[in-house]
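What follows is a short report on a single structure.
Numbers restart at 1 for each chain; the letters A, B, ... are given by sequence-line order, proteins then strands. All heavy atoms count here, side chains included; hydrogens, waters and symmetry mates do not.
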Amino acid sequence: MSDGNHTNSYNPAEVERKWQARWDERGTNAWTDEALRSAEKPFYNLMMFPYPSAEGLHVGNIYAFAGADIYGRFKRLQGYQVFEPIGFDAFGIHSENFALKQGIHPTELIPRNVERFTRQLRRVGLMYDWNHTVDTTTPDYYRWTQWIFLQLYKAGLAEKKAAPVNWCPSCNTVLANEQVVGGECERCGTAVEMRFLSQWFFKITNYAGKLLDNLKTLDWSDTTRKAQENWIGRSEGAELAFPIARRKVADDRHEAAQVEAERPVIRVFTTRPDTVFGATYMVLAPEHPLVDRVTTPERRDAVDAYRRQASAQDLVTRKKTDKSKTGVWTGGHAVNPATRQEIPVWIADYVLMEYGTGAIMAVPGHDERDFEFATEFGLPIIRVVAGEGDGADTPLAAAYTGPGRLVNSGQFEGTDVGEAKSAVTEWLASMGVGEKRINYRLHDWTISRQRYWGPPIPILYCDECGIVPVPEDQLPVVLPFVEDFKPDASGISPLARHEEWYLTECPTCGGKARRETDVSDTFLDSAWYFLRYPSAGNEQVPFDPAITRTWLPVDSYIGGNEHAVLHLLYARFVTMALRDMGHVDFEEPFTRFRAHGLIVKDGSKMSKSRGNVVVPDDYIAEWGADTFRTYLMFLGPYQEGGDFRDSGITGPYNFLTRLWDSALTAEDRELDRDVEQKLHATIRKVTEDLEVLSYNTAVAAMMEYLNVVRAGGRTPERGAVEPLVRLVAPFAPHMAEELWERMGGEGSIFDGASWPEFDAAKAVADTVEFVVQVNGKVRARMPMARGIAEAQARDAALADAHVRRWIEDKQVRKTVFVPDRLVNLVVG
RNA sequence: GCCUGGGUGGUGAAAUCGGCAAACACAGCAGACUUAAAAUCUGCCGGGCUACGCCCUUACGGGUUCGAGUCCCGUCCCAGGCACCA
């Protein structure tokens, strides 16, 4: 069994066990605080921390982490001092629901999951600094999450207000939009309603402009930038004022104008102020505060009925676009400021309170939704834009939204719509009934969760003093252990059932106070964790100023695009707010962000319910972490992901095994010229590919190189294999360490070795294969000296018998020459 | 409906400042070694034909160009995201 060959054949399990133990013993990847402070070439390599699910690490996690780890190891070999931390995003409804289902308390479940994750992560050979981990559920972390809440509160960026939420009347609880399926509660199937609840909000909209503008300056994946751009949703237009008309229609225009000034106005936002002459009615959201003012006594019952019906709908169904338009007339009118005509005011649920002003001027001639509504209820449709070939009276069979010139529009008759936008706005502004306006679809961030498993919001309510923030020196507000953490019939946080916890003393007046019983959104935990990592363990401050100056912003951040908007936007917002308060000196947290692709199985996302989760442990046990990492990266473009299958894993395994054998059998001798050339070309290719995360082609290049090194069963040169060991190190760190050691290297390859350099002159061959085309078709291939001039190349091509056959006696009218590539002879 | 990506052999894919389509692998086939199998090694591996050569081929239809997988116009399909945002 254990013969003399034992140590010479590749045994991944043995090699990997050895090096994982060594890394821990020697602290190869761990930082001390002093070292963090004095780093000279710091590189902060960040990856999105996982939610430690009970199922353990799945292939998708490993794909994400390995790809980020490879980049970090590459940077380290290039001489950077790389800080690569990991942590656990363990608070939140996901963990809580799972705990509920299992009947295990999260305080018991989460540490168990974290422990399992840690064990699995160590097995993958990731370069983590285990001295600087973060677990969002520990008081020494969420103490500072609460601190962040207080800073935002102090800066006026946190406020409490009523907001619509999905409400299940059977479970008596609030549901996230994702938990509403087809208008019904995902758990019990009851129709979901919309309710207004008082909640804490962060005013992220204050930063909408900066969040959008800064995107241009960031080195981020285009897809991610675009997603944020759409999410923020900037619209340029105007806000216009439509005064509510008196109950009795006034025939004296002059008198009407005087009274208008005292009457309430309906403000609307529009991106088409140019079409104001075509506004034939108005629509308010059913929840609009002016509804009561405009509604006439005769219409009161109808309006109330409609409002009840609208509020009984859940948010998801209400926003469905494919249902037909509904609404009722309030009985009231408003005055179109452009035409001075009175137009009816309706309420309808297609107008949303949360966007713009919650009211619109309806221009059925030139807006598809308004057209549909006007057709349904017989409201007048007027053409105010004429497209190509249209006259002022050309009937409208549908809303016309294309280009054209204004018609039926008073003094703006004939103006081009593009120009009319500002012209009409200026005219209305001069009369005090309009102004330019930029609107964002970004909403303020609801931070309150009526649940148990999160950091308590550090706020007190005092009968005397009102809202009182918990003094910073009283943090953390510890989440109490509560046996029954299930949300109950009251629909408010389970913490609200515990008087002994929430009844307290007001720090300002000493009187009776009540704690906020909601906890904060998990996304707040993850909105600042990257600031904590380098200062993890510090009990004095959330992030050490000197360390933060050295290490932040993050140099490279890699993660899934499912967080393109929420997490990445929240992290940017929190960073901007902290900057404006002077806590950090940078505005953007992540200098470079790359989204990795998603690994799916049989065409769909891996999930427990589908039963298609691929567990990596077995693959690692069978093939080793090095092979598994390399295989995952070889699967396809890292930024595209793909369908997981294991059919090709022998490819990378064979490659690594052959590299192992080559390293152990290599002999000292001069490099062959063609091997040398291929070596330099490979170093160049791999270096360039790793920089842009093109891992699959980097692996292919190394395979190709090894094929050359071993071509025809030749014994490889030591100088040919040794640089390949360094190139492969980011992918297969354990094997690289072992071979580095066996080839006489000192310590860890990641400290002792440097990334191989290439010589551009040596990377190219002396002869190149030229392609000879006749009229653009390939007719011959012939070797020629590198750098050959056009005339010589053409002569050589013309001397070829086969080429001559295609030319015969025809004239060569033109020669196209691409240096070191091809000659194209155009005959005819 | 809108916004992103994407559509290339049996499979994963490679090649986009326009210049040899299918690198690198997997699977398959044939051979060597073996009593046999596994492992390993070697060769073949898009389609067609009148076959040492030629024609066709990158979802489909046009166009620009000496030359198009790559650029332009139009169409279809797939995946993901957003969606009554005024």
Side-chain angles (χ1 to χ4, degrees), chain A residues 221-227 229-231 233-235 237 268-272 275 279 283 285 318-325 348-352 354-363 366-370 372-373 439-443 561-562 564-565 595 597-598 600 603-605 631 634-637 639-655 657-658 661 694 696-707 712-713 769-781 802 805 813-828:
Chain A
S221 292
D222 282 342
T223 51
T224 315
R225 271 208 303 237
K226 198 79 201 164
E229 215 176 287
N230 291 342
W231 187 264
R234 183 188 143 105
S235 295
V268 301
F269 172 73
T270 178
T271 53
R272 295 294 307 274
T275 63
V283 185
R318 168 156 174 188
K319 291 186 178 182
K320 272 273 184 316
T321 55
D322 50 3
K323 64 172 191 182
S324 59
K325 297 275 182 289
D349 67 359
Y350 82 94
V351 173
L352 309 171
E354 69 260 27
Y355 184 76
T357 61
I360 61 155
M361 65 172 201
V363 184
H366 306 285
D367 180 281
E368 283 157 21
R369 294 150 305 178
D370 297 344
E372 193 192 328
F373 191 82
N439 227 317
Y440 299 94
R441 57 199 299 179
L442 181 68
H443 294 354
N561 234 353
E562 69 271 21
V565 279
L598 193 68
V600 297
S604 52
K605 219 166 142 176
Y631 174 62
F634 187 57
L635 214 55
Q639 301 189 53
E640 280 172 31
D643 209 305
F644 182 83
R645 72 223 157 257
D646 54 17
S647 61
I649 196 164
T650 51
Y653 181 75
N654 289 342
F655 164 67
T657 306
R658 299 196 311 156
D661 291 340
S694 186
N696 55 332
T697 52
V699 173
M702 290 189 281
M703 288 174 168
E704 214 175 315
Y705 172 63
L706 190 60
N707 288 345
E769 196 180 48
F770 248 73
V771 168
V772 179
Q773 296 182 335
V774 177
N775 285 348
K777 290 207 184 274
V778 180
R779 295 304 178 193
R781 298 184 176 89
H802 188 67
R805 262 183 35 209
R813 291 198 315 204
K814 186 179 167 188
T815 307
V816 179
F817 177 74
V818 182
D820 293 335
R821 272 240 156 95
L822 69 76
V823 212
N824 184 13
L825 305 168
V826 185
V827 301

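- Classification of G31(B) as anti follows from a glycosidic angle more than 90° from 0.
- At distances below 3.5 Å, not a single donor-acceptor pair connects side-chain atoms of N561(A) with backbone N or O atoms of G597(A).
- For the pair K325(A) and Y350(A), the cation-pi criterion (under 6.0 Å, within 45° of the ring axis) is fulfilled.
- Considering only heavy atoms from C-beta on, L706(A) comes within 4.5 Å of R658(A) through its side chain.
- Whole-Å rounding puts the Y705(A) OH to A25(B) C1' distance at 20 Å.
- Side-chain N/O atoms of Q773(A) and base N/O atoms of G19(B) include a donor-acceptor pair closer than 3.5 Å.
- Considering only side-chain atoms of T271(A), the nucleotide from A86(B), C84(B), C20(B) that sits closest is A86(B).
- A distance of about 11 Å separates the C1' atoms of C17(B) and U70(B), rounded to the whole Å.
- V699(A) comes within contact range of no nucleotide atom at all, as no heavy-atom separation falls under 4.0 Å.
- Looking at the side chain of H802(A), the nearest of the listed nucleotides C54(B), C26(B), C84(B) is C54(B).
- Going from the P atom of G80(B) to that of A15(B) covers 25 Å, rounded to whole Å.
- Put simply, S235(A) has a side-chain N or O that comes within less than 4.0 Å of OP1 or OP2 on A86(B).
- Residue contacts shown for T357(A) are absent, as no nucleic acid heavy atom lies under 4.0 Å away.
- P652(A) comes within 4.0 angstrom of nothing in the nucleic acid, heavy atoms only.
- In this structure, the CD atom of E769(A) is 12 Å from the P atom of A21(B), given to the nearest Å.
- In this structure, Y631(A) places its OH atom 8 Å from C1' of C26(B), rounding to the nearest Å.
- Remark: C1' of U42(B) and CZ of R658(A) are 13 Å apart, rounded to the nearest angstrom.
- In this structure, the CG atom of L822(A) is 15 Å from the C1' atom of A15(B), given to the nearest Å.
- Pair assignment for A59(B): U75(B), on the basis of Watson-Crick or G-U wobble contacts that are both within less than 3.5 Å.
- Remark: side-chain polar atoms of N439(A) are not paired, donor with acceptor, to backbone N or O of S235(A) under 3.5 angstrom.
- Spacing between atom CG of L635(A) and atom P of A13(B) amounts to 7 Å, rounded to whole angstrom units.
- Proximity of N230(A) to the phosphate of A83(B): no side-chain N or O atom is located under 4.0 Å from OP1 or OP2.
- Going from the C1' atom of U65(B) to that of C71(B) covers 10 Å, rounded to whole Å.
- At the phosphate of A39(B), neither OP1 nor OP2 sits under 4.0 Å from any side-chain N or O atom of N654(A).
- With a 3.5 Å ceiling on both atom-pair distances, the Watson-Crick or G-U wobble partner of C2(B) is G81(B).
- In this structure G12(B) sits in a base pair with C24(B), meeting the Watson-Crick or G-U test at under 3.5 Å.
- Separation of the P atoms belonging to G74(B) and A83(B) is 28 Å when rounded to the nearest angstrom.
- Rounded to whole Å, the C1' atom of G46(B) lies 35 Å from the corresponding atom of G81(B).
- The T223(A) side chain lies nearest to U4(B) when the options are A25(B), U4(B), C20(B).
- To the nearest 0.5 angstrom, L635(A) atom CG is 11.5 Å from E640(A) atom CD.
- Applying the 4.0 Å criterion to OP1 and OP2 of A25(B), one finds that N696(A) has every side-chain N and O outside that range.
- Here K777(A) does not reach the OP1 or OP2 of G53(B): none of its side-chain N or O atoms lies under 4.0 Å away.
- R821(A) comes within 4.0 angstrom of sugar-phosphate atoms only, judged by non-hydrogen atoms across all strands, and of no base.
- A distance of about 7 Å separates the C1' atoms of G9(B) and A22(B), rounded to the whole Å.
- Backbone-only engagement by N707(A) is indicated by non-hydrogen atom pairs under 4.0 Å involving sugar-phosphate atoms exclusively.
- Within 6.0 Å of the CD atom in E368(A), the count of heavy atoms belonging to other residues, nucleotides or ligands does not exceed 12.
- Taking the six-membered ring where the residue is Trp, F817(A) and F770(A) present parallel rings, their angle staying beneath 30° rather than reaching 60°.
- Checking side-chain atoms of D367(A) against main-chain N and O of V363(A) turns up no donor-acceptor pair under 3.5 Å.
- In this structure, the CG atom of N824(A) is 10 Å from the P atom of A68(B), given to the nearest Å.
- Counting any heavy atom pair closer than 4.0 Å across all strands shown, R779(A) reaches sugar-phosphate atoms only and no base atom.
- Side-chain atoms of T697(A) lie closest to A15(B) of the nucleotides A86(B), A15(B), G19(B).
- Atom CZ in F634(A) sits about 8 Å away from atom C1' in A13(B), given to the nearest Å.
- Applying the Watson-Crick and G-U wobble criteria (two distances, each under 3.5 Å), A32(B) pairs with U40(B).
- In terms of position along RNA chain B, the nucleotide closest to V771(A) lies nearer the 5' end than the nucleotide closest to the other residue of the pair L442(A) and V771(A).
- Residue E704(A) is classed as a sugar-phosphate contact, given heavy-atom separations below 4.0 Å to backbone atoms only.
- A distance of about 14 Å separates the C1' atoms of A13(B) and G69(B), rounded to the whole Å.
- Base pairing of A68(B): no nucleotide in any strand meets the Watson-Crick or G-U wobble criterion (both distances under 3.5 Å).
- For K226(A), counting side-chain heavy atoms from C-beta on, the closest listed nucleotide (U4(B), A14(B), C66(B)) is U4(B).
- The backbone N or O of A359(A) sits less than 3.5 Å from a side-chain atom of T357(A), completing a donor-acceptor pair.
- Annotation: of the two residues near RNA chain B, D222(A) and R645(A), the 5′-most nearest-nucleotide partner is D222(A).
- I360(A) comes within 4.0 angstrom of a nucleotide base, judged by non-hydrogen atoms across all strands.
- For the P atom pair drawn from G47(B) and A68(B), the interatomic distance equals 24 Å after rounding to whole Å.
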